Amino acid sequence: MPVATASQNASARPRRAIVRWYRTHGRSLPWRDASTTAWQVLVSEVMLGQTPVSRVAPAYLAWIERWPDPETTAAASPADILRMWGRLGYPRRALRLREAAIVITRDHHGTVPTTDDELRALPGVGEYTAAAVRAFAYGQRAVVLDTNVRRVLSRLISGTERPPASLTNSERELATSLLPRTSKSAAEWSVAVMELGALVCTATKPVCSACPVRTDCAWRAADYPASTVAPRRQAWHGTDRQCRGRLMSVLRESSGAVPGALLREAWDDAAQRERCLDSLLDDALVAIVGDDEYALPSS
DNA sequence: AAATCGTGGCG
DNA sequence: TCGCCAAGATT
């Protein structure tokens with residue numbers, strides 16, 4: 001009889017309950033089809049960073065129909081990539097996805113790499129995305145720690161409403177200790193706990209009555225104490241982000257070169273507009289194509 | 001390591 | 001109305 005540690009015994013039952021819940025309640029999302037390639041999983045993960053599932057789903061389907069693999073993506077112009085990205089937000093993600101496609105095509109024979117080091121060397125791929133590709137595309141045993149998983153574990157195990165502001169080693173160790181031994185079980189556990197956070201253990205108004213592990217929940221046992229750490233507020237109105245977004249919108253909607261006058265109409269504050277245009281040029285999201293003429297980069 | 005980077009839906 | 005939030009990465 002193998003000896004199990006106390007923490008393993010304590011976590012085994014809720015873990016099984018979450019996986020069982022997922023098998024009946026998990027959503028069938030486009031990127032969860034068995035036919036989804038590793039590249040397409042990567043596309044979905046990049047799109048899902050900071051953009052809700054409901055808005056990603058249709059954009060993802062249109063995207064992979066047009067550019068189904070790294071080769072076709074690498075061959076597309078930045079302008080086409082940015083127009084197709086549309087209003088998903090954070091357009092630099094789109095540029096990095098294209099750059100990743102170029103690297104994969106050139107250095108990996110068009111095959112998405114399978115190791116953590118190689119994945120994280122790709123533009124726009126960080127700790128979470130590398131783990132997600134390994135688990136969801138390749139069925140590997142990887143610690144997938146996104147905002148949903150962090151929230152579930154903080155409530156279920158730590159008894160706090162929210163996880164720390166930034167990912168800590170303590171969270172990594174906890175998630176590692178909970179990861180099932182076999183790769184197959186680990187990969188399913190990772191989607192399952194993520195899905196629980198997305199559908200039940202939500203940031204606001206969690207549906208605890210529908211939770212498969214409510215009787216194990218440390219946060220519930222402590223009578224749902226409110227978290228003291230205030231989430232960082234996202235300023236928006238009048239920010240550079242709003243200004244950049246406005247300028248990008250004008251460039252996206254125009255088929256060719258855009259006169260500077262059109263950009264000036266889009267944002268009143270001249271100093272801020274120039275600063276943002278400069279930053280967009282720096283980010284290679286915009287190109288100068290003539291005297292006082294701008295466009296999305298053609299290459 | 002805290003700040004930065006878009007966008008739209010919802011209560 | 002407006003603040004909050006959504007599968008993060010980069011610097």
Side-chain angles (χ1 to χ4, degrees), chain A residues 22 26-27 29-32 36 40-60 82 85-97 99-100 119-137 142-153 161-169 175 187 190-199 201-206 227 229-252 266-267 275-276 278-280 282-286:
Chain A
Y22 175 74
R27 295 165 293 183
L29 297 169
W31 45 89
R32 285 181 184 163
T36 306
Q40 291 165 354
V41 168
L42 177 55
V43 171
S44 75
E45 294 302 341
V46 171
M47 287 184 170
L48 286 163
Q50 301 293 280
T51 302
V53 168
S54 59
R55 279 203 289 147
V56 166
Y60 165 83
L82 290 168
W85 193 258
R87 299 188 293 193
L88 285 181
Y90 296 128
R92 293 186 299 184
R93 291 184 297 168
L95 253 30
R96 293 189 188 119
L97 183 60
E99 288 160 16
L119 283 165
R120 294 187 62 171
L122 298 172
V125 177
E127 178 174 351
Y128 163 77
T129 305
V133 169
R134 291 208 296 138
F136 305 148
V143 177
V144 178
L145 258 183
D146 78 324
T147 182
N148 289 306
V149 177
R150 295 181 64 211
R151 185 175 55 251
V152 170
L153 298 187
E161 183 186 17
R162 306 165 187 273
S166 55
L167 183 59
T168 63
N169 278 326
S190 295
V191 228
V193 65
M194 193 179 307
E195 190 77 338
L196 186 70
L199 297 182
C201 194
T202 50
T204 59
K205 296 192 172 185
S227 185
V229 290
R232 213 166 53 51
R233 51 178 297 183
Q234 312 175 345
W236 176 245
H237 189 73
T239 61
D240 283 6
R241 272 187 15 255
Q242 185 184 27
C243 179
R244 284 168 54 107
R246 189 80 60 81
L247 297 177
M248 286 301 292
S249 170
V250 172
L251 274 297
R252 261 197 327 264
W267 196 262
R275 178 173 71 244
C276 288
D278 279 346
S279 74
L280 291 172
D282 280 345
D283 290 342
L285 287 163
V286 176

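Lettering follows sequence order; numbering is per chain, from 1. The shown structure was predicted, so the numbers you read here are calculated from the model rather than taken from an experiment.
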(message) Between Tyr128(A) and Leu145(A), is there a side-chain heavy-atom distance shorter than 4.5 Å?
(response) no
(request) With the side chain counted from C-beta on, respond yes when Leu119(A) and Thr129(A) share a heavy-atom pair under 4.5 Å apart, and no when they do not. (result) no
Residues forming a side chain to side chain donor-acceptor pair (under 3.5 Å) with [X], sequence neighbours excluded:
| X | answer |
| --- | --- |
| Arg252(A) | none |
| Trp267(A) | Gln272(A) |
| Thr239(A) | none |

(request) Working to the nearest 0.5 Å, report the span between CG of Asp146(A) and CD of Glu45(A). (result) 8.5 Å
Quick one: which of [options] gets closest to the side chain of [X]?
| X | options | value |
| --- | --- | --- |
| Ala203(A) | dC5(C), dG11(B), dG8(C) | dC5(C) |
| Tyr90(A) | dA6(C), dA7(C), dC5(B) | dC5(B) |
| Thr204(A) | dA7(C), dC5(C), dT10(C) | dC5(C) |

Does [N] have OP1 or OP2 under 4.0 Å away from a side-chain N or O of [X]?
| X | N | result |
| --- | --- | --- |
| Arg150(A) | dA6(C) | no |
| Arg252(A) | dT7(B) | yes |
| Arg87(A) | dG6(B) | no |
| Arg96(A) | dA9(C) | no |

(request) Would you mind telling me which residue lines up with the more 5' stretch of DNA chain B, Lys205(A) or Arg244(A), judged by nearest nucleotide? (result) Arg244(A)
(message) Return whichever of Ser249(A) or Ser166(A) has its heavy-atom-nearest nucleotide of DNA chain B closer to the 5' end.
(response) Ser166(A)
(message) Expected output is a numbered-order residue list: members of residues 124-131 of chain A with a heavy atom under 4.0 Å from any atom of DNA chain B. What is it?
(response) none
(request) Please list, by residue number, the residues of residues 46-60 of chain A whose heavy atoms come closer than 4.0 Å to an atom of DNA chain B; answer none if no residue qualifies. (result) Gln50(A), Thr51(A), Arg55(A)
For [X] and [N], give me the distance from atom [atom1] to atom [atom2], rounded to whole Å.
| X | N | atom1 | atom2 | value |
| --- | --- | --- | --- | --- |
| Arg120(A) | dA9(C) | CZ | P | 8 Å |
| Gln40(A) | dA7(C) | CD | C1' | 17 Å |
| Glu45(A) | dA9(C) | CD | P | 9 Å |
| Gln242(A) | dC2(C) | CD | C1' | 13 Å |
| Leu97(A) | dG8(C) | CG | C1' | 14 Å |
| Arg162(A) | dC4(C) | CZ | P | 10 Å |
| Arg92(A) | dT7(B) | CZ | C1' | 15 Å |
| Leu95(A) | dG6(B) | CG | P | 11 Å |

(message) Applying side-chain contact (heavy atoms from CB on, under 4.5 Å), can you list everything that pairs with Ala57(A), at least two apart in sequence or on another chain?
(response) Pro30(A), Trp31(A)
(request) Could you tell me whether Leu29(A) contacts a base, only the sugar-phosphate backbone, or nothing, with contacts defined as non-hydrogen atoms closer than 4.0 Å? (result) base
(request) Name the nucleic acid region contacted by Trp85(A), choosing base, sugar-phosphate or nothing; use a 4.0 angstrom heavy-atom cut-off, strictly under. (result) nothing
(message) If only side-chain N and O atoms count, and only distance matters, is there a donor-acceptor pair under 3.5 Å linking Thr51(A) with Arg93(A)?
(response) yes
(request) Please state the P separation for the pair dA7(C) and dA3(B) - nearest whole angstrom. (result) 22 Å
(message) So which atom in Val143(A) and which in Ala175(A) form the shortest heavy-atom distance, rounded to 0.1 Å?
(response) CG1-CB, 3.6 Å
(message) Using a strict threshold of under 4.0 Å (side-chain N to carboxylate O), is an ion pair present between Arg32(A) and Glu195(A)?
(response) yes
